[in-house]
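No experiment lies behind these values; they were computed from the predicted model shown. The chain is numbered in sequence order, starting from 1.
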Amino acid sequence: MVGQIKEMKVKTIKHLCGMLAVLVCCACSSNSDEGVNAPQFWTVTLTASMGDVTTRALELGEGNAINAVFEVNDEVFVVDADGSTIVGTLKAQSTGASTTLTGTLDATSLAVNEIVTLRYHSATANYDGQVGTLAGIATSQDYAEGTLTVSTLSPLTFTTTSVTLNAKQSITKFSFTDGTNAVSVKTFGIAATGLVQSIATSGSETVGAVTGTLATASTDVYVALRNNSGAKHTYSFIIQDDAGNWYKGPKKANLANGKSYTATVTLTKLPALTNGSAVGTIGVVGGLPAIVISGNNAVALMNAGALCPEHYGTYYTFANQTSGLSNGWYVPCQTEVEALVSLTKAWGAQNGVNGCTFTIGSNTLFLPAAGYKINGSTSSNVTTFGCYWSSTEPVDPELANLAFGLQFSSSVNNTYSAYKVDGLSVRPFHTLP
């Protein structure tokens with residue numbers, strides 16, 4: 001980029017799980033000839049319990065409880081205190097609410113009194129991309145954690161031989177209505193302050209939006225949600241039904257981890273937009289929710305590849321920036337981007353996601369600060385900068401590797417030049433019929 005944002009360092013997570021296949025079943029002590037950093041592998045056996053509020057999400061119990069069981073060979077990842085190393089994996093030896101966990105751990109990077117985290121069923125968590133069913137949650141969004149304190153290193157022991165894994169999400173059965181009739185959901189986007197989208201091995205969280213697509217449209221949608229603040233929030237929904245109609249609506253709720261809920265959300269159906277619709281009107285054109293920016297033009301409410309306004313969507317290089325567009329949607333030219341920049345705008349957070357809010361008529365348009373990807377691969381400045389393509393290229397042939405776009409942050413809001421090989425967001429425009 002011209003005036004390109006300095007690349008942020010990305011911490012590399014060291015994965016050690018692949019070593020387990022070559023480890024012997026018995027404990028091994030370290031050898032002084034191998035040096036102080038030599039691997040120290042120890043076989044560890046623990047008693048683990050799921051408890052009343054931990055989930056495998058296969059069925060909902062009475063009184064908001066979630067029935068919880070282990071299955072044989074369920075994996076529990078052991079992560080060191082700063083999240084930089086997965087020290088090994090333990091496996092469940094039986095089915096039930098409690099089990100024996102056994103596996104080989106590497107004590108090399110650990111210290112006495114260090115608190116390690118046990119994570120079931122993955123070292124990372126992703127609440128995005130759900131399929132709206134209990135079975136889907138059990139497969140991909142069922143996360144629980146527990147902690148142990150290191151007692152000795154050689155052999156590796158902990159201050160207790162038992163651990164309880166507690167659920168890190170609630171499960172809600174949502175039903176949707178337009179006030180009169182049930183809405184059969186095909187895709188959904190949910191955003192709220194404190195809503196966790198994903199968790200890294202280090203424990204750092206991405207917040208703000210969870211989306212999903214159902215294989216078969218349904219009036220009942222099961223979603224795993226993690227509220228990291230523990231407070232009551234207004235959850236913003238954007239829903240598409242099986243007929244292609246779009247709806248928006250809020251629901252205020254206080255969700256607690258390890259509990260199940262039922263909720264009915266009343267939605268407003270978005271109208272069709274046409275040439276001459278009032279500036280600031282929110283509706284649907286070309287199959288997507290949009291806001292009218294002028295008498296004959298509209299801007300999508302979401303990034304290309306996203307299912308709600310707070311979702312980052314897909315990062316595109318300049319060469320493939322139109323690959324996610326159809327039905328008359330297009331990448332705006334530089335003049336259209338400049339018209340967007342000229343609007344009243346403010347940097348801030350919407351539903352916990354940093355970005356820029358543009359005032360259009362009586363409504364607003366939100367663009368999240370999704371950062372960009374250097375050479376289309378390494379993410380940089382996520383949450384601090386928004387970088388969006390235009391379709392315009394410089395006239396000067398010496399600048400053939402650049403194209404124009406929109407850039408904003410807490411202190412910057414203008415058009416700029418970006419390298420075509422970088423991955424930027426796209427906010428589509430559409431001419432009104």
- [ ] Report the relative orientation of the aromatic rings in Phe237 and Tyr235; use parallel for angles under 30°, tilted for 30 to 60°, perpendicular for over 60°.
- [x] tilted
- [ ] Fit a plane to each ring of Tyr388 and Phe408, take the angle between them on a 0 to 90° scale, and name the class: parallel (under 30°), tilted (30 to 60°) or perpendicular (over 60°).
- [x] parallel
- [ ] Specify the closest pair of heavy atoms between Phe70 and Ser49, including all atoms of both residues, with the distance to one decimal.
- [x] CE1-C, 4.1 Å
TODO: Drop me the distance from Arg427's CZ to Met302's CE, to the nearest 0.5 angstrom.
DONE: 8.5 Å
TODO: Report yes if the distance between the aromatic ring centroids of Phe174 and Phe188 is under 6.0 Å, otherwise no.
DONE: no
Open item on the list: Between Glu205 (side chain only) and Gly203 (backbone N and O only), is there a donor and an acceptor less than 3.5 Å apart?
Closed with: no
Open item on the list: Does Lys420 have more than 12 heavy atoms from other residues, nucleotides or ligands lying within 6.0 Å of its NZ?
Closed with: yes
- [ ] Answer yes if the side chains of Asp128 and Thr211 hold a donor-acceptor pair under 3.5 Å, and no otherwise.
- [x] yes
Open item on the list: Under the rule for ring-ring contact (aromatic ring centres under 6.0 Å, His included), what residues qualify as partners of Trp329, not counting sequence neighbours?
Closed with: His430
Task: OG1-CZ distance between Thr266 and Phe176, expressed to the nearest 0.5 angstrom - done: 10.5 Å
Open item on the list: For Ile199, is there any backbone N or O sitting under 3.5 Å from a side-chain donor or acceptor partner on Tyr127?
Closed with: no
Quiz: residues 112-119 side-chain donor-acceptor pairs under 3.5 angstrom, not counting sequence neighbours:
residue, atom, partner, partner atom, Å
Glu114, OE1, Ala111, N, 2.9
Glu114, OE2, Ala81, N, 2.9
Arg119, NE, Glu145, OE2, 3.1
Arg119, NH1, Ala123, O, 2.8
Arg119, NH1, Ala200, O, 3.4
Arg119, NH1, Thr201, O, 2.7
Arg119, NH2, Thr201, O, 3.3

TODO: Work out which heavy atom in Ser391 is nearest to a heavy atom in Gln321; give both atom names and the distance.
DONE: CA-NE2, 4.2 Å
Open item on the list: As a test of understanding, state which of Val44, Thr161, Val78, Thr160 forms a side-chain contact (heavy atoms from CB on, under 4.5 Å) with Leu148.
Closed with: Thr160
Task: Mutual orientation of the aromatic rings belonging to Tyr330 and Phe429 [parallel < 30°, tilted 30-60°, perpendicular > 60°] - done: tilted
Task: Derivation and outcome, side chain to side chain donor-acceptor pair (under 3.5 Å), residues Ser377 and Asn375 - done: CA-CA 6 Å; Ser377 58; Asn375 290 323; 5.9 Å; no
